[in-house]
Amino acid sequence: MRPVAIVDGAIPASLTGVPGDPARGRALVVDRTKGLCLLCHAGPFPEERFTGNLGPALDGIGDRLAPGALRLRLVDGRVLNPDTIMPSYYSLAGTTRVGAAWRDRPVLEPQEIEDIVAFLATLRDTPSERPAP
């Protein structure tokens, strides 16, 4: 796993040095077998039914949080809130009861994190700025 530097509540540097792809990021967000984002979050996904309400809605998240802040929440939100129920998608810290198939592996790969960050950054409150589904 690549080391990350946390600065002022964010991970400002890309995990890969390669820009994220918003289309791949959207596909990961709505994929109910990979990150399970929609289990807890609602958002501008009209084709998706049964989205969650445990976490904040993703509508306009790109206006509320900078890419570095989004990246930190995906990598390991426990840095900001030790009691969060948000999974740590790119951290192995504190993983003591993990199935053998997932042991010593992050939930998401670094480029997948970057793709999701790129997608979430496009979610603006102005509807015309939203990417097409």
Side-chain angles (χ1 to χ4, degrees):
M1 291 186 51
R2 300 167 192 240
V4 298
I6 299 170
V7 179
D8 296 326
I11 299 174
S14 165
L15 300 179
T16 63
V18 176
D21 180 301
R24 284 194 313 250
R26 186 184 196 285
L28 286 163
V29 167
V30 300
D31 184 339
R32 293 180 186 266
T33 64
K34 187 74 174 173
L36 300 172
C37 301
L38 299 185
L39 183 65
C40 295
H41 299 281
F45 315 108
E47 75 283 8
E48 295 295 329
R49 295 178 42 185
F50 309 115
T51 58
N53 62 4
L54 295 172
L58 299 177
D59 299 274
I61 194 75
D63 286 329
R64 296 190 304 276
L65 295 173
L70 292 166
R71 190 176 291 111
L72 176 57
R73 281 159 176 78
L74 289 166
V75 167
D76 190 355
R78 296 172 299 180
V79 171
L80 300 169
N81 176 2
D83 296 324
T84 187
I85 61 171
M86 173 90 172
S88 298
Y89 287 102
Y90 193 69
S91 174
L92 300 178
T95 55
T96 56
R97 298 178 67 189
V98 178
W102 299 278
R103 195 168 295 134
D104 300 323
R105 292 181 19 204
V107 175
L108 296 174
E109 296 297 321
Q111 191 58 49
E112 292 173 322
I113 297 283
E114 293 306 317
D115 293 342
I116 293 171
V117 168
F119 168 65
L120 294 177
T122 70
L123 297 182
R124 305 291 181 168
D125 285 327
T126 306
S128 62
E129 295 180 19
R130 288 189 186 146

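The pair E112-R24 does not count as a salt bridge, with every side-chain nitrogen at least 4.0 angstrom from each carboxylate oxygen. Salt-bridge check for E47 with R26: passed, with a basic side-chain N closer than 4.0 Å to an acidic carboxylate O.
Cluster membership for L15 and V18, using ILVMFWY side-chain heavy atoms within less than 4.5 angstrom, is not shared. Both Y90 and L92 belong to a common hydrophobic cluster when Ile, Leu, Val, Met, Phe, Trp and Tyr are linked at side-chain heavy-atom distances under 4.5 angstrom. Linking Ile, Leu, Val, Met, Phe, Trp and Tyr whenever their side-chain heavy atoms come within less than 4.5 Å leaves L120 and L39 in two separate clusters. Cluster annotation: L80 is connected to V4 through the hydrophobic network of ILVMFWY side chains, with a link wherever side-chain heavy atoms come within less than 4.5 Å. Under a hydrophobic-cluster definition in which Ile, Leu, Val, Met, Phe, Trp and Tyr are linked whenever side-chain heavy atoms come within less than 4.5 Å, directly or via other members, L65 and V7 are assigned to different clusters.
One finds the CG atom of L36 at 8.0 Å from the CG atom of D31 (value rounded to the nearest 0.5 Å). With rounding to the nearest 0.5 Å, the separation of CZ in R73 from CD1 in I11 is 10.5 Å. D83 CG to R78 CZ: the interatomic distance, rounded to the nearest 0.5 Å, is 11.5 Å. Distance CG/L108 to NZ/K34: 6.0 Å, rounded to 0.5 Å.
The shortest side-chain heavy-atom distance between L58 and V29 falls under the 4.5 Å cut-off. Side-chain atoms of I61 and P56, non-hydrogen and from C-beta on, never get closer than 4.5 Å to each other. Within the 4.5 Å cutoff, the side chain of T122 has heavy atoms near those of the F119 side chain. Side-chain contact between V107 and Y89 is present, with heavy atoms from C-beta onward closer than 4.5 Å.
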Let's go through L74 and M86 carefully: what are the C-alpha distance in whole Å and the side-chain angles of both, what is the deciding distance for side-chain contact (heavy atoms from CB on, under 4.5 Å) to 0.1 Å, and is it a yes or a no?
CA-CA 8 Å; L74 289 166; M86 173 90 172; 4.0 Å; yes

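Here the closest heavy-atom approach between residue T51 and residue A42 is recorded as OG1-CB, 3.4 Å. Taking both residues in full, the closest heavy atoms of E114 and T16 are given as CG-OG1, 3.8 Å, listed atom of the first, atom of the second, then distance. Taking every heavy atom of both residues into account, G17 and S14 meet most closely at N-OG, 2.9 Å. When all heavy atoms of V30 and L38 are compared, the closest pair comes out as CA-CD1, 3.8 Å. Considering all non-hydrogen atoms of both residues, A10 and A69 come closest at CB-N, 3.6 Å.
A donor-acceptor pair is defined here as one N or O able to donate and one able to accept, closer than 3.5 Å; no such pair exists between the side chain of R49 and the backbone of P46. Formation of a donor-acceptor pair under 3.5 Å by the D76 side chain with backbone atoms of S91 is not found in this model. Counting only distance, with no hydrogens or angles, the side chain of D21 and the backbone of D115 share no donor-acceptor pair below 3.5 Å. Within the 3.5 Å criterion, the main-chain N or O of I113 finds no donor-acceptor partner in the side chain of R71.
More than 12 heavy atoms of other shown residues, nucleotides or ligands fall within 6.0 angstrom of atom CG in N81.
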